[in-house]
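Here's the structure we're looking at; comments come further down.
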Amino acid sequence: GLLRVPAARVLRRDADPPPPSRAAALSLGLLTLGGAAAVAVGPALLGVIGADYRPSTGLLVLLMVGAVLSGAVAVLLAIPRARGDVRSVVSIQWVMAAIVLVGTYVGLRLSGVLAIGVAFVASQVVGAILAGRLLRATRGATDVAADAVVPVPPALAQDETPDRRPSPPPPASLLICSRGRPQLLLETVESILAGDRLPEEIIVIDQSAEANAPLAAIGRRDGCDVRYIHTAEVGLSRGRNRAIRESRQPLLVLTDDDMLVEPDWLSTMVEAATAAGPRALICGRVLPGVTDAVDGFAPSTIEDVEPARHVGRVGKDVVFTGNLAIHRAAFDEVGLFDERLGPGTEYPGAEDSDLGFRLLEVGYAILYEPRATVYHRAWRTWDGYVRLRWDYGKGMGGFLGKHIGLGRDRYMLRRFRDDLWRHASRVVRYAHCRSRRQTLGDAAYTVGLVIGALRFRLVTARRARP
């Protein structure tokens, strides 16, 4: 049977797109502005990743001339394929800007004003060609349907009335992976053990250099087995997969080693997972917690107060493994976390996005339950913000690059384009009203997104082929 439900997002095109001449003028202006933005942002971003940059007036003039000339080339390449789609035309500049930064960095390594200028112009032209190919590939792709079709479990496809008696809550295994945060990890486990419901077991995979003796000594408390496993392996996805294999219960609850939980958190998660059934995941609310460092901040928070249900291709990331309940059968169906993605790997992020996408593709639902609340502790300092955004962007690029190469359709190409546009445009739109660090963070994410996607397609995917 089939169940027709409203889609979470519908992409629509304008009924009357602007004429090509208008699109060309707008694109040329933004290409030139984007070239100037690349020149302005490039030195600071390159400084973050270690380049020795000493600009001169002559060099800046050369770069600006290169931006205008190569911008004109990009317009000639892109406009005939755009057919008035201004958004698609403008999007190519952000691909080019990212490649410009990489090309300029190569020029810096070669040294010399002439080498830098040549690298800048060459990277703009290469970026225009690649962007034109991307634009051509995405033209004509079907939009997300207004209604998403989701398979119904066989039991509900029959004419018989389903048994609606509440199922007893299944026993749960709680999984935590950690590396280099012994005190935060211990306090996370203690907050779970102080809750009004305890799991049947807590499995801790610790990849730290030294074992956590206080945690290993807990053993069993109030009927809950605390199983501490110290390992030399590295990688969050690898650690989570080890925890899944070690677990014994049908329901798996995941959190991170820098969270503190509400007393009713686990009971709320288990009840929601039981009510939703085995073909659904539960994600809870993540609020910023106490500040554990001077000028600290907490990333990856979800503060929405309304419940939500996601099915089909929602066009965004809706799985957050810092606060997640999932039935073991889901991993049996789609596989474990991709160990090429996530912190501790070459693509340090988006392992949860990859899992969520694979589950949505086979008909699972992802529910957001705001009553299940954890607190993400603010132990990170703002000095590491730009690097963190670079990691997030590269991880997301790896995830998108992985699925772009599978060749099923062009959905992931559109996601890549939209993510690139969203973050890169913020660099220009909000530069005047935000801190320099936040602007650099968006620029770092944008460049990391492009590099991650290209590297996964050109290196990692080929390496995995037999």
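Because only heavy atoms are used, hydrogens play no part in the values below, and waters and symmetry mates are left out as well, while side chains stay in. Position 1 is the first residue of the sequence; numbering continues from there.
- A salt bridge links Asp419 with Arg422: the distance from a Lys NZ or Arg NE/NH1/NH2 to an Asp or Glu carboxylate oxygen falls below 4.0 Å.
- Arg245 is linked by a side-chain hydrogen bond (donor to acceptor under 3.5 Å, both in side chains) to nothing, counting only residues two or more places apart in sequence or in another chain.
- For Arg387 and Asp391, the salt-bridge test passes: some basic side-chain N is under 4.0 Å from an acidic carboxylate O.
- Around atom CD of Glu210, no more than 12 heavy atoms belonging to other residues, nucleotides or ligands sit under 6.0 Å away.
- Side-chain atoms of Asn212 and His230 include no donor-acceptor pair closer than 3.5 Å.
- Every residue two or more places apart in sequence or in another chain that forms a salt bridge (Lys or Arg N to Asp or Glu O under 4.0 Å) with Arg389 is listed here: Asp442.
- Within 6.0 Å of the CZ atom in Arg179, the count of heavy atoms belonging to other residues, nucleotides or ligands does not exceed 12.
- A side-chain contact (heavy atoms from CB on, under 4.5 Å) with Trp390 is found for exactly one of Val447, Leu440, Thr446, namely Val447.
- Between Arg377 and Asp256 there is no salt bridge, since no side-chain nitrogen of the basic residue lies less than 4.0 Å from a carboxylate oxygen of the acidic one.
- Geometrically, Arg240 engages Phe337 in a cation-pi contact defined by less than 6.0 Å to the ring centre and at most 45° from the axis.
- Residues Tyr411 and His403 are not in side-chain contact: their nearest non-hydrogen atoms beyond the backbone lie 4.5 Å or more apart.
- Checked by atom type and distance alone, the side chain of Thr345 pairs as donor or acceptor with a backbone atom of Tyr347 at under 3.5 Å.
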